[in-house]
Amino acid sequence: MIRFIINILIFLLIFINNTNANKISIKFKVENEIITSQDVNNELIYLRLLNNKLNNLDKKNQEQIAVNSLIQEKIKFIELQNYFDFSIKDDQMEKLINKTLKNNLKLKNKNLNDYFRQNNLDYEDIKFKIKNEILWNKLIYDKYKSRININDKDLKKKLNNLVAKRESIKEYNISEILFDINDNENVNYKYETIINSINNDGFKNTANIYSISSSSKLGGQIGWVKKTQLSEKIQNIITNLKIGEISKPIQSGPGFLIIRLENIRDIQADIDLEREFKNLRDYEIDRQLNQYSIYYFNRIKKNIFVDEL
């Protein structure tokens with residue numbers, strides 16, 4: 001009888017310990033939005049799917065990246081609720097969300113619902129993240145489209161010169177880290193800190209940690225970009241880089257840009273002028289909107305209360 005009671009007590013202790021171990025706790029409060037320990041775990045799983053090199057970081061760094069990502073998401077969501085109704089269902093939005101996810105995760109024919117379930121994630125939660133980013137981009141476009149400055153004449157001249165010379169066009173596969181500095185920070189010191197992180201943890205993980213660009217979740221990956229899509233300043237810098245090399249910091253709007261040259265290839269100069277002009281123009285618009293996005297986010301962040309619990 002005594003042994004039976006002891007066994008029952010041991011079972012209860014084990015059960016209580018396991019219950020406490022699996023207990024979900026509130027980690028942060030962003031205004032009225034909460035971030036739980038489960039949210040952090042799920043965000044980390046999602047970020048690992050986008051960048052599997054995160055596994056090379058220690059647990060503390062991984063969790064901090066996830067927390068920063070969630071806080072940024074909550075701040076944007078709080079602002080977006082002033083302009084959009086998230087409860088509205090939209091077929092076009094659904095298609096755009098699915099397309100974005102498949103591109104980001106490099107999935108082609110996989111069923112996204114099954115894919116996330118296999119990775120212990122809720123598909124609806126992931127769709128919310130992408131919807132949040134899409135609506136944020138729309139908000140920035142609506143607010144700042146009148147300030148976008150494009151010199152169509154110069155863009156067309158650049159393309160016409162390439163066609164006239166019948167030269168091959170270089171394409172660069174690049175990654176980026178866009179960082180800012182606080183009032184008490186020095187650009188060169190921050191740059192050296194980032195370079196040390198790259199040497200120790202790799203470029204992708206460092207982009208997750210330090211980059212304020214929307215590409216940070218993808219490890220800073222931009223992909224293939226034609227030479228014609230780059231400003232003359234960026235062209236000159238990339239031209240002097242060897243594959244695998246990293247640029248010095250480049251002043252870019254509200255921050256400083258670091259570029260890593262991943263690869264180079266040549267494509268035929270036999271191009272569709274109208275299509276290339278549109279691509280070039282779209283790239284420049286995206287670049288300017290990204291700068292406005294960072295500026296606007298930093299402005300609203302100052303008025304958002306974030307409390308660690």
Side-chain angles (χ1 to χ4, degrees), residues 40 42-57 61-73 75-76 96-108 110 112 115-116 119 121 123 125-138 140 171-180 194 197-198 201-226 229-230 234 238 243-244 246-247 250 252-263 279 282-283 285-291 293-294 297:
V40 175
N42 290 343
E43 184 71 4
L44 194 46
I45 293 171
Y46 175 60
L47 292 175
R48 283 171 181 155
L49 293 177
L50 294 172
N51 174 22
N52 58 19
K53 293 187 181 297
L54 274 180
N55 292 306
N56 298 332
L57 292 177
N61 271 332
Q62 289 187 44
E63 289 181 349
Q64 189 58 55
I65 290 169
V67 165
N68 291 343
S69 177
L70 286 169
I71 290 175
Q72 185 180 80
E73 181 181 285
I75 291 173
K76 289 181 178 180
L96 185 54
I97 288 170
N98 289 340
K99 181 180 178 181
T100 301
L101 279 170
K102 288 188 175 184
N103 286 340
N104 289 349
L105 294 162
K106 296 180 172 57
L107 302 172
K108 291 184 178 180
K110 282 194 176 183
L112 289 173
Y115 176 78
F116 288 115
N119 286 283
L121 292 173
Y123 183 34
D125 290 345
I126 302 301
K127 286 201 294 184
F128 166 79
K129 292 178 178 298
I130 303 302
K131 185 174 183 177
N132 202 54
E133 283 301 314
I134 290 171
L135 291 179
W136 175 262
N137 290 338
K138 176 172 172 46
I140 297 302
E171 276 193 326
Y172 302 105
N173 191 341
I174 59 176
S175 297
E176 67 171 5
I177 293 174
L178 181 64
F179 68 93
D180 56 6
I194 291 173
S197 177
I198 292 171
D201 301 316
F203 193 94
K204 286 189 173 183
N205 290 337
T206 302
N208 281 129
I209 297 169
Y210 289 101
S211 184
I212 59 174
S213 172
S214 57
S215 65
S216 62
K217 288 187 179 182
L218 302 175
Q221 183 180 2
I222 299 298
W224 289 101
V225 179
K226 290 185 178 68
Q229 292 177 296
L230 301 171
I234 300 295
I238 291 181
I243 293 174
I246 298 165
S247 73
I250 309 157
S252 179
F256 297 87
L257 184 67
I258 298 173
I259 295 175
R260 174 184 161 100
L261 179 59
E262 307 290 351
N263 210 339
N279 289 341
D282 288 346
Y283 185 86
I285 289 172
D286 287 345
R287 186 189 68 80
Q288 293 185 31
L289 287 175
N290 190 43
Q291 292 184 352
S293 174
I294 294 166
F297 178 81

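Model, not experiment: these values are computed from the prediction. Positions are given from 1 along the sequence.
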Which residues pass the ring pair (Phe, Tyr, Trp, His ring centres under 6.0 Å) test with Phe128, sequence neighbours left out? Phe77, Phe86

Between Val40 and Glu63, which heavy-atom pair has the shortest distance, and what is it? CG1-O, 4.2 Å

Would you compute the distance between atom CG of Leu112 and atom CG of Leu107 and round it to the nearest 0.5 angstrom? 6.5 Å

Are the side chains of Ile177 and Phe203 in contact, using a 4.5 Å heavy-atom criterion? yes

Could I get the full list of salt bridge (Lys or Arg N to Asp or Glu O under 4.0 Å) partners for Arg48, not counting sequence neighbours? none

Going from CD on Glu133 to CD1 on Ile130, what distance comes out if it is rounded to the nearest 0.5 angstrom? 7.5 Å

By side-chain contact (heavy atoms from CB on, under 4.5 Å), which residues pair with Asp286, not counting sequence neighbours? none

Taking side chain to side chain donor-acceptor pair (under 3.5 Å) as the definition, give me every residue that meets it alongside Asn103, ordered by chain and number, with sequence neighbours left out. none

Main chain of Lys226, side chain of Gln229: is a donor-acceptor contact present, judged purely on distance under 3.5 Å? yes

Taking only residues two or more places apart in sequence, or in another chain, which ones meet Ile75 in a side-chain contact (heavy atoms from CB on, under 4.5 Å)? Val30, Ile71, Phe297, Ile300, Lys301, Ile304

Taken to the nearest 0.5 Å, the spacing of Ile45 CD1 from Ile126 CD1 works out to 9.0 Å

For the backbone of Phe116 and the side chain of Asn119, can you confirm whether one donor and one acceptor N or O come within less than 3.5 Å of each other? no

Step-by-step side chain to side chain contact (heavy atoms under 4.5 Å, CB included) determination, Ile250 to Ile258: CA-CA 6 Å; Ile250 309 157; Ile258 298 173; over 6 Å; no

side-chain contact (heavy atoms from CB on, under 4.5 Å) against Ser213, all qualifying residues, sequence neighbours excluded: Glu176, Leu178, Ser211, Ser215, Asn290

For the residue pair Leu57 and Ile65, establish whether any side-chain heavy-atom pair is separated by less than 4.5 Å. yes

With sequence neighbours excluded, residues passing side-chain contact (heavy atoms from CB on, under 4.5 Å) with Ser293: Trp136, Ile140

Who are the salt bridge (Lys or Arg N to Asp or Glu O under 4.0 Å) partners of Asp282, not counting sequence neighbours? Lys278

Apply side chain to side chain contact (heavy atoms under 4.5 Å, CB included) to residues Asp125 and Tyr46 and explain how you reach the verdict. CA-CA 10 Å; Asp125 290 345; Tyr46 175 60; over 6 Å; no

With the side chain counted from C-beta on, respond yes when Ile209 and Ile194 share a heavy-atom pair under 4.5 Å apart, and no when they do not. no

Checking Lys102 now: which residues fulfil salt bridge (Lys or Arg N to Asp or Glu O under 4.0 Å) with it, not counting sequence neighbours? none

Residue list, side chain to side chain donor-acceptor pair (under 3.5 Å) with Asn51, at least two apart or on another chain: Asn205, Asn208

From Leu101 CG over to Lys127 NZ, what is the distance, rounded to the nearest 0.5 angstrom? 9.5 Å

Grab the two heavy atoms, one from Ser216 and one from Ala207, that are nearest each other, plus how far apart they are. CB-O, 3.5 Å

Short question: side chain of Ser247, backbone of Ile259 - any donor-acceptor pair under 3.5 Å? yes

Distance, nearest 0.5 Å, that separates CG of Leu44 from CD of Gln62: 5.0 Å

If we only count heavy atoms from C-beta on, is the Val225 to Tyr283 side-chain gap below 4.5 Å? yes

Is a side-chain donor-acceptor pair under 3.5 Å present for Gln72 with Asn68? no

Full working for salt bridge (Lys or Arg N to Asp or Glu O under 4.0 Å) between Glu262 and Arg260: CA-CA 6 Å; Glu262 307 290 351; Arg260 174 184 161 100; 3.0 Å; yes

Assess the residue pair Ile174 and Trp224 against the criterion (side chain to side chain contact (heavy atoms under 4.5 Å, CB included)); give the C-alpha distance rounded to whole Å, side-chain angles, the decisive distance to 0.1 Å, and a yes or no. CA-CA 7 Å; Ile174 59 176; Trp224 289 101; over 6 Å; no

So, Tyr210 versus Phe179, ring centres under 6.0 angstrom or not? no

Gln64 vs Val67 side-chain heavy atoms within contact, under 4.5 Å: yes

Donor-acceptor contact below 3.5 Å, side chain Asn173 vs main chain Leu261: no

Can you list the residues that meet the side chain to side chain donor-acceptor pair (under 3.5 Å) rule with Lys53, with sequence neighbours excluded? none

State, yes or no, whether a side-chain contact exists between Leu50 and Leu105 at a heavy-atom distance under 4.5 Å. yes

Distance from Asn42 atom CG to Leu121 atom CG, nearest 0.5 Å? 5.5 Å

Student check: side-chain heavy atoms of Tyr172 and Ile222 closer than 4.5 Å: no

Identify, with sequence neighbours excluded, every residue that meets side chain to side chain donor-acceptor pair (under 3.5 Å) alongside Glu43. Ser69, Lys129

